[in-house]
Asks: 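Before we start, here is the structure in question, set down as structure tokens.
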Amino acid sequence: MIVITVAIVVASSFLCSGLFHVKVNKIGGQLNSYDSADYSIIYILNYGKSFNNECLYPDTDIQFYRDADRSRRLTVSSIMREEGVLYDLGYLSCLSCLKPGEVCISQNVADAYDLSIGDDLFVEYSYSPLLVSVKVMDIMQTEYDYVNPSIDNDIGVVFLGFNREYAASTNSKFVLFAEKSKTDELAIFPQIISEVINKSGNVDNVTSQGAAALIVEIMFSLAAVILAHMLFFSKSNIPLYRCYLKGMNRFLMSIIPLVEKLVFCLLPCVMAQCLSVSGMSESSITKVFRIIPIVICGWYSIIMFAVESLKLRRKGG
């Protein structure tokens, strides 16, 4: 029964990790991206006014392909550097040196399409059916679509150097990144604001997408502890009570079950979690994902130690 008990605890950790490792890691990477970004608000504009940190926003109007034969189309949202605009946010530093024919891609795009710095992508602009080759110059920290950052959809971002033909031939919207509110500055321009996106709202949105994984992990961990208790720990105390009747020290009687749970429940859980979640990004949600089974096993050990100590006192009283 000891082997089965340990196997149940370990299997619970590995099963949860196997089901949710990728998603929780992506969420963690995106939250890290938000933490390091020095903007707080994004404005989608109906027309541009050459503010600092303003870009053209083609979104999905520009098509990207991994190969020249159009066999693999990239699922991305695009943002284009605007000519004559100053980019003084650290988050947009890659735009400052992007030339025509160059792009910067988000990490999730690089991972999804096996792209590295120096690789070529192929672009189809709305003004021409011909493909244009562009070169990947930089890879930025994981970033998802700003308007609806859905981890499951995995829509990444591509930043492009300025393309004069595209800017002249289309009526693209614009996107403005700001450290603080620019509503008052924008209010003097009629109907310029199309949408306002708060980074804090996106943080809440992305974090909530990991809620299901955490709830399932809690359920699996509780189920593992309950099974372990029913199969082994509840029965292992019976011989100890017999020993107590024969005069065994009360302190030892209470410590032995605690050590038993630490060795056969908490320790295997800690080891399994260390192995199963290795390689995850360091973020608030991944830390919670790591620690949930350990906390549940730890609390089980402490609560049962208190319960069993109380039983012994009553028997002795």
Side-chain angles (χ1 to χ4, degrees), residues 29-30 32-64 74-111 113 115-126 132-147 149 155-180 182 185-186 192 194-199 202:
Q30 180 63 10
N32 285 341
S33 176
Y34 288 142
D35 287 341
S36 62
D38 50 356
Y39 70 86
S40 63
I41 303 176
I42 298 173
Y43 295 91
I44 307 298
L45 307 179
N46 290 314
Y47 53 90
K49 280 297 177 180
S50 297
F51 286 99
N52 288 355
N53 304 302
E54 179 184 296
C55 313
L56 280 84
Y57 187 44
D59 195 13
T60 57
D61 188 43
I62 296 175
Q63 307 301 318
F64 293 85
L74 277 63
T75 305
V76 296
S77 175
S78 58
I79 290 176
M80 182 182 290
R81 175 183 177 176
E82 189 178 353
E83 194 173 41
V85 168
L86 174 65
Y87 296 101
D88 56 5
L89 287 177
Y91 177 76
L92 299 175
S93 60
C94 67
L95 281 175
S96 299
C97 54
L98 274 186
K99 301 175 182 177
E102 296 178 345
V103 297
C104 170
I105 62 176
S106 56
Q107 183 64 57
N108 58 324
V109 174
D111 294 340
Y113 300 98
L115 288 164
S116 303
I117 294 175
D119 286 348
D120 289 328
L121 284 175
F122 298 89
V123 183
E124 181 183 339
Y125 293 99
S126 55
V132 179
S133 175
V134 295
K135 190 170 291 293
V136 177
M137 302 303 294
D138 199 4
I139 298 174
M140 65 184 299
Q141 194 172 4
T142 301
E143 190 64 85
Y144 291 81
D145 176 29
Y146 299 105
V147 179
I155 298 176
V157 178
V158 175
F159 292 90
L160 301 100
F162 182 69
N163 183 288
R164 193 176 304 277
E165 290 82 4
Y166 178 81
S169 62
T170 60
N171 188 24
S172 172
K173 287 191 175 183
F174 291 76
V175 57
L176 172 63
F177 294 84
E179 288 184 272
K180 56 185 179 180
K182 287 187 175 291
E185 295 177 57
L186 292 168
I192 190 173
S194 172
E195 188 173 355
V196 179
I197 302 165
N198 288 293
K199 185 174 73 172
N202 277 351

Asks: Can you pull the salt bridge (charged side-chain N to carboxylate O under 4.0 Å, His left out) pairs that have at least one residue in residues 91-103, sequence neighbours excluded?
Replies: none
Asks: Report the distance from atom CD1 of I197 to atom CG of N202, rounding to the nearest 0.5 Å.
Replies: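 Separation between the atoms: 6.5 Å.
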Asks: Among residues at least two apart in sequence or on other chains, which ones pass side chain to side chain donor-acceptor pair (under 3.5 Å) with S33?
Replies: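 E143.
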Asks: Can you find a pair of side-chain heavy atoms, one from V123 and one from V158, that are under 4.5 Å apart?
Replies: no
Asks: Please find the pair of heavy atoms, one from S194 and one from N46, that lie closest to each other, and give the distance.
Replies: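 Looks like CB-OD1, 3.3 Å.
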Asks: So, using side-chain contact (heavy atoms from CB on, under 4.5 Å) as the criterion, who are the partners of V196 when residues are at least two apart?
Replies: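 side-chain contact (heavy atoms from CB on, under 4.5 Å) list for V196, sorted by chain: I41, Y43, I193.
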Asks: Locate the shortest heavy-atom distance separating Y87 from C55; write the atom from each residue and the value.
Replies: CE2-SG, 3.6 Å
Asks: Considering residues at least two apart in sequence or located in another chain, which fulfil the side chain to side chain donor-acceptor pair (under 3.5 Å) criterion with D59?
Replies: S77
Asks: Return the CG to OG distance between N163 and S169, rounded to the nearest 0.5 Å.
Replies: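 If we round to the nearest 0.5 Å, N163:CG and S169:OG are 8.0 Å apart.
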Asks: Under the side-chain contact (heavy atoms from CB on, under 4.5 Å) test, which residues partner D61, sequence neighbours left out?
Replies: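 If we apply the side-chain contact (heavy atoms from CB on, under 4.5 Å) test to D61, skipping adjacent residues, the hits are P58, S126, Y166, T170.
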Asks: Quick one, F174 and I192 - any side-chain contact, counting heavy atoms below 4.5 Å?
Replies: no
Asks: Determine yes or no for a side-chain-to-main-chain donor-acceptor pair under 3.5 angstrom, with D145 supplying the side chain and I155 the backbone.
Replies: no
Asks: Quick one: list whatever passes ring pair (Phe, Tyr, Trp, His ring centres under 6.0 Å) with Y91, sequence neighbours left out.
Replies: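 For Y91, the residues satisfying ring pair (Phe, Tyr, Trp, His ring centres under 6.0 Å) (neighbours in sequence not counted) are Y39, F177.
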Asks: With a 4.5 Å cut-off on side-chain heavy atoms, are L160 and Y125 touching?
Replies: yes
Asks: Just grab all the salt bridge (charged side-chain N to carboxylate O under 4.0 Å, His left out) pairs involving residues 75-90, residues at least two apart or on different chains.
Replies: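 Every salt bridge (charged side-chain N to carboxylate O under 4.0 Å, His left out) pair that includes a residue of residues 75-90, provided the two are not neighbours, is E83-R164.
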Asks: Roughly how far, to the nearest 0.5 Å, is the CD1 atom of I105 from the CD1 atom of I117?
Replies: 8.5 Å
Asks: Among residues at least two apart in sequence or on other chains, which ones pass salt bridge (charged side-chain N to carboxylate O under 4.0 Å, His left out) with K135?
Replies: D120
Asks: Looking at every heavy atom in both V103 and V134, which two are closest together, and how far apart are they?
Replies: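 For V103 and V134, the tightest heavy-atom pair comes out as CG1-CG2, 3.8 Å.
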Asks: Quick check for you: to the nearest 0.5 Å, what is the distance between I62 atom CD1 and L56 atom CG?
Replies: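 One gets 8.5 Å once the value is rounded to the nearest 0.5 Å.
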Asks: About how many Å separate CG of L121 and CG of L115, when rounded to the nearest 0.5 Å?
Replies: 5.0 Å
Asks: In sequence, state the C-alpha distance, the side-chain angles, and the governing distance for Y113 and T75, and then conclude on side-chain contact (heavy atoms from CB on, under 4.5 Å).
Replies: CA-CA 10 Å; Y113 300 98; T75 305; 3.6 Å; yes
Asks: So, using salt bridge (charged side-chain N to carboxylate O under 4.0 Å, His left out) as the criterion, who are the partners of E185 when residues are at least two apart?
Replies: K182
Asks: Go through the structure and list residues passing salt bridge (charged side-chain N to carboxylate O under 4.0 Å, His left out) with D35, not counting sequence neighbours.
Replies: none
Asks: Without swapping roles, check the side chain of K199 against the backbone of Y34 for a donor-acceptor pair under 3.5 Å.
Replies: yes
Asks: Is the backbone N or O of G48 less than 3.5 Å from a side-chain atom of E54, with the two atoms forming a donor-acceptor pair by type?
Replies: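 Looks like no, no N/O pair under 3.5 Å.
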Asks: Backbone N or O of E179 within a donor-acceptor pair of the S40 side chain at under 3.5 Å?
Replies: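 Yes.
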Asks: Taking only residues two or more places apart in sequence, or in another chain, which ones meet S172 in a side chain to side chain donor-acceptor pair (under 3.5 Å)?
Replies: none
Asks: Do M140 and S106 have side chains that approach each other closer than 4.5 Å (heavy atoms only, starting at C-beta)?
Replies: yes
Asks: Please name the pair of heavy atoms, one in Y146 and one in I42, separated by the smallest distance, quoted to 0.1 Å.
Replies: CD2-CD1, 3.4 Å
Asks: Listed by chain and number, what are the salt bridge (charged side-chain N to carboxylate O under 4.0 Å, His left out) partners of E124, not counting sequence neighbours?
Replies: R70
Asks: Would you mind reporting whether V85 and F162 have side-chain heavy atoms less than 4.5 Å apart?
Replies: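 With C-beta onward as the side chain, the pair stays apart.
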